[in-house]
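Reading through the structure tokens given below for one structure.
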Amino acid sequence: MYHYILTRLLSGVVVIFGVSLLVFLMVRLVPGDPVEVMVGEFAQVADKDAIRERLGLDKPVLEQLVVYYQKLFQFDLGQSIHTQKNITDILLEKLPATAYLACVALLLAIVIAIPLGVIAAVHKGDAIDNGAMAFSLLGVSIPNFWLGPLLILLFSLHLNWLPVSGDEHAGAIILPAITLGTAMAAILSRMVRSTVLEVLTEDYIRTARAKGLKERVVVYKHALRNAMLPVITILGLQLGTLLGGAVITETVFSWPGIGSEMVDGIQNRDYPIVQACVLVISLLYVVVNVMTDIIYAWVDPRIRLAEGQS
Amino acid sequence: MKKWLPILVLSLWALLAFIGPWMALSPYDIELTKILTPPTGDAWLGYDDLGRPIFDRFVLGANTSFIVAISVVTICATFGTLIGAFSAYFGGWLDLLLVRIIDVFLAFPGILLAIAFASIMGPGIDNVVIALSIVGWVGYARLSRAQVMSLKQREHVRAAVALGVSTPMVVLKHLLPLVVAPLIVEVTFGIAGVVIAEAGLSFLGLGVQPPDASWGSMIRDGSSYMLISPHMVLAPGISLVLVVLSVNLLGDRVRDHFDVKRKIIE
């Protein structure tokens, strides 16, 4: 068990190193001159050089890399070009809003997906199953930048139930969370359906039924519990899509999180901000995934015990 | 209906994309008197906030999404598959390195990395294709690597090696043809992903630049006029959903076709 956790942590560290390296290389390897994109094609050479100097892009790449990691270890993400503010401070201020949105969307997805998947599996092949799977297919296919405006049109503009944007109002989380959570609910419900279906063919389910247990107990206690393991992994992996989707969802609803900060950074051509946002969101994702793996091992006795035997 | 819908929608999409450039369209013509006019008999989808005919821009958008989807998937599938297959075949430190690179790329959430690359390269449809390709090849590399790993010990491969067939030939003629089935499934779902990603990038202003049109940029332009002119976002949105839905349905069908295990369970 400890060995497993240690290997997972270690590979997590390697990935974190790789992720930060790729973010560093991003500006330096892409075709074209990012500084030119930043200040425009017709900017004075002196202005371009000034920006290059401020970002440290005029130094040798290796030296830049060393400085980059030195700063990273001190949680120093540099300064915004646009507002001159410290980026670490900006992101710390914005992180709670994104975390809140992601958690509510995740919760929503789980609350919708698990019953939906189980019901679909139990009613395999009939109208309920078809309906649930049609919903799921539609959910994966609706882009959140379209679903968001549609929800605003219906619930905010026509029915006037919920605010259009921002986060001052308590109900303001509802529409962004639905927008962000729908695709995940859709993917998750398909996953729950297929794992429950698979588990339902197992011998211990037949035994449980043969014992005369109620079908509800068989499904929810025996089948669902065992079907949850792969679902937990998918949950961890899907969180990435969720965090990526948060960038667009936050923009649609002007939700004051890291995602809209990143899009503002893109619009202002403020690379240090864009890079820092990508880095922070990805690191968060890696950490969550490593944690998922560890929780997975802890929940699944087969992984926990395999270690003791070897 | 379920059977024919995806094929019908996708054929229409491809048709619009192909004949669009030859149709007598005026997607850039501004008619100030027609700003935000709702759909009528002679302008099927109405006019947008600048008085341009939405149908004409919609066709242009179909062309954009189709070309981007096909280019990105072709580039990614070709390079990704080759890299993955050769890496698995040679093994050693090269393969270890590839696995690490794949891990790193997959550690970036969803569309985030593409957004970052596209923003750093500057807006434009070429850059969208490059950004989505930089991100997209990884999935194919992982898939073909895993497949070739399990296939390379097969007898026909060892026989080919023993007979002195050159390495590129072994990989291209004896290994890759066996990887095609899962690859087709991946490509199908890949198209859906790229269509949404391109529209998403264009929605953020990173894709096509005005006055050109993409369904994503049309949705962005239209979302400011939602209350008075919802027709601006309806056509591009519905067609986006229909195309992605159709590709997903098709993907499901292709996967079920190749998936023997699932057939037995269900």
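Chain letters run A, B, ... following the sequence lines, proteins first and then strands; every chain starts at 1. What you see is a predicted model, and the numbers here were worked out from it, not measured in a lab.
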### Message
Working to the nearest 0.5 angstrom, can you tell me the gap between Leu283(A) CG and Phe108(B) CZ?
### Response
8.0 Å
### Message
Quick check for you: to the nearest 0.5 Å, what is the distance between Ser141(A) atom OG and Ile196(B) atom CD1?
### Response
6.5 Å
#### Entry: N/O donor-acceptor pair under 3.5 Å between Tyr271(A) side chain and Ile120(B) backbone
yes
### Query
Side chain, backbone, both or neither: which part of Val15(A) has a non-hydrogen atom closer than 4.5 Å to chain B?
both
#### Entry: Interatomic distance, Leu137(A) atom CG to Leu249(B) atom CG [nearest 0.5 angstrom]
4.5 Å
#### Entry: Shortest non-hydrogen contact from Ser119(B) toward Val274(A)
OG-CG1, 3.7 Å
### Query
Given that the side chain runs from C-beta out, which part of Ile219(B) has a heavy atom under 4.5 Å from chain A: side chain, backbone, both or neither?
side chain
### Query
Hey, what do you get for CG (Asp252(B)) to CZ (Arg190(A)), rounding to the nearest 0.5 Å?
4.0 Å
#### Entry: Structural part of Gln267(A) lying under 4.5 Å from a heavy atom of chain B
side chain
### Summary
The reported gap from CG in Leu22(A) to CG in Leu113(B) (rounded to nearest 0.5 angstrom) is 5.5 Å
### Task
Please test Phe189(B) against Val140(A) for side-chain contact (heavy atoms from CB on, under 4.5 Å), starting from the C-alpha separation and ending with a verdict.
CA-CA 11 Å; Phe189(B) 287 117; Val140(A) 208; over 6 Å; no
#### Entry: Tyr285(A) and Leu112(B), any side-chain heavy atoms less than 4.5 Å apart
no
### Task
Find the one option among Ser11(A), Pro143(A), Ala246(A) whose heavy-atom pairs under 4.5 Å with chain B are most numerous.
Pro143(A)
### Message
Is Leu106(B) in contact with chain A via its backbone, its side chain, both, or neither, using a 4.5 Å heavy-atom distance?
### Response
backbone
### Phe79(B) atom CZ, neighbour heavy-atom count above 12 within 6.0 Å
no
### Task
Count the heavy-atom pairs under 4.5 Å between each of Gly244(A), Gly245(A), Ser282(A) and chain B, then report the option with the highest count.
Ser282(A)
### Task
Sort Pro236(B) into side chain, backbone, both or neither according to what part of it lies under 4.5 angstrom from a heavy atom of chain A.
neither
### Task
Side chain from CB out, backbone as N, CA, C, O: work out which of these in Ile238(B) comes under 4.5 Å of a heavy atom of chain A, or both, or neither.
both
### Task
Please flag which part of Leu138(A) lies under 4.5 Å from any non-hydrogen atom of chain B: side chain, backbone, both or neither.
both
## Note on the structure
Taking every heavy atom of Trp146(A) against every heavy atom of Val233(B), the minimum-distance pair comes out as NE1-O, 2.9 Å
### Message
Is it true that, when you exclude Arg142(B) itself, more than 12 heavy atoms of the residues, nucleotides or ligands shown sit nearer than 6.0 Å to its CZ?
### Response
no
## Note on the structure
dist Leu204(B):CG -> Thr251(A):OG1 (nearest 0.5 Å) comes out at 5.5 Å
### Query
Which answer fits Val19(A), side chain, backbone, both or neither, if we ask what part of it has an atom under 4.5 Å from a heavy atom of chain B?
both
### Query
Which heavy atom in Pro109(B) sits nearest to a heavy atom in Ile281(A), and how many Å separate them?
CG-CG2, 3.8 Å
### Query
Does any heavy atom of chain A fall under 4.5 Å from the side chain of Ala114(B), the backbone, both, or neither of them?
neither
### Query
Does any heavy atom of chain A fall under 4.5 Å from the side chain of Ala116(B), the backbone, both, or neither of them?
both
### Query
Heavy-atom distance under 4.5 Å to chain A: side chain of Arg100(B), backbone, both or neither?
side chain
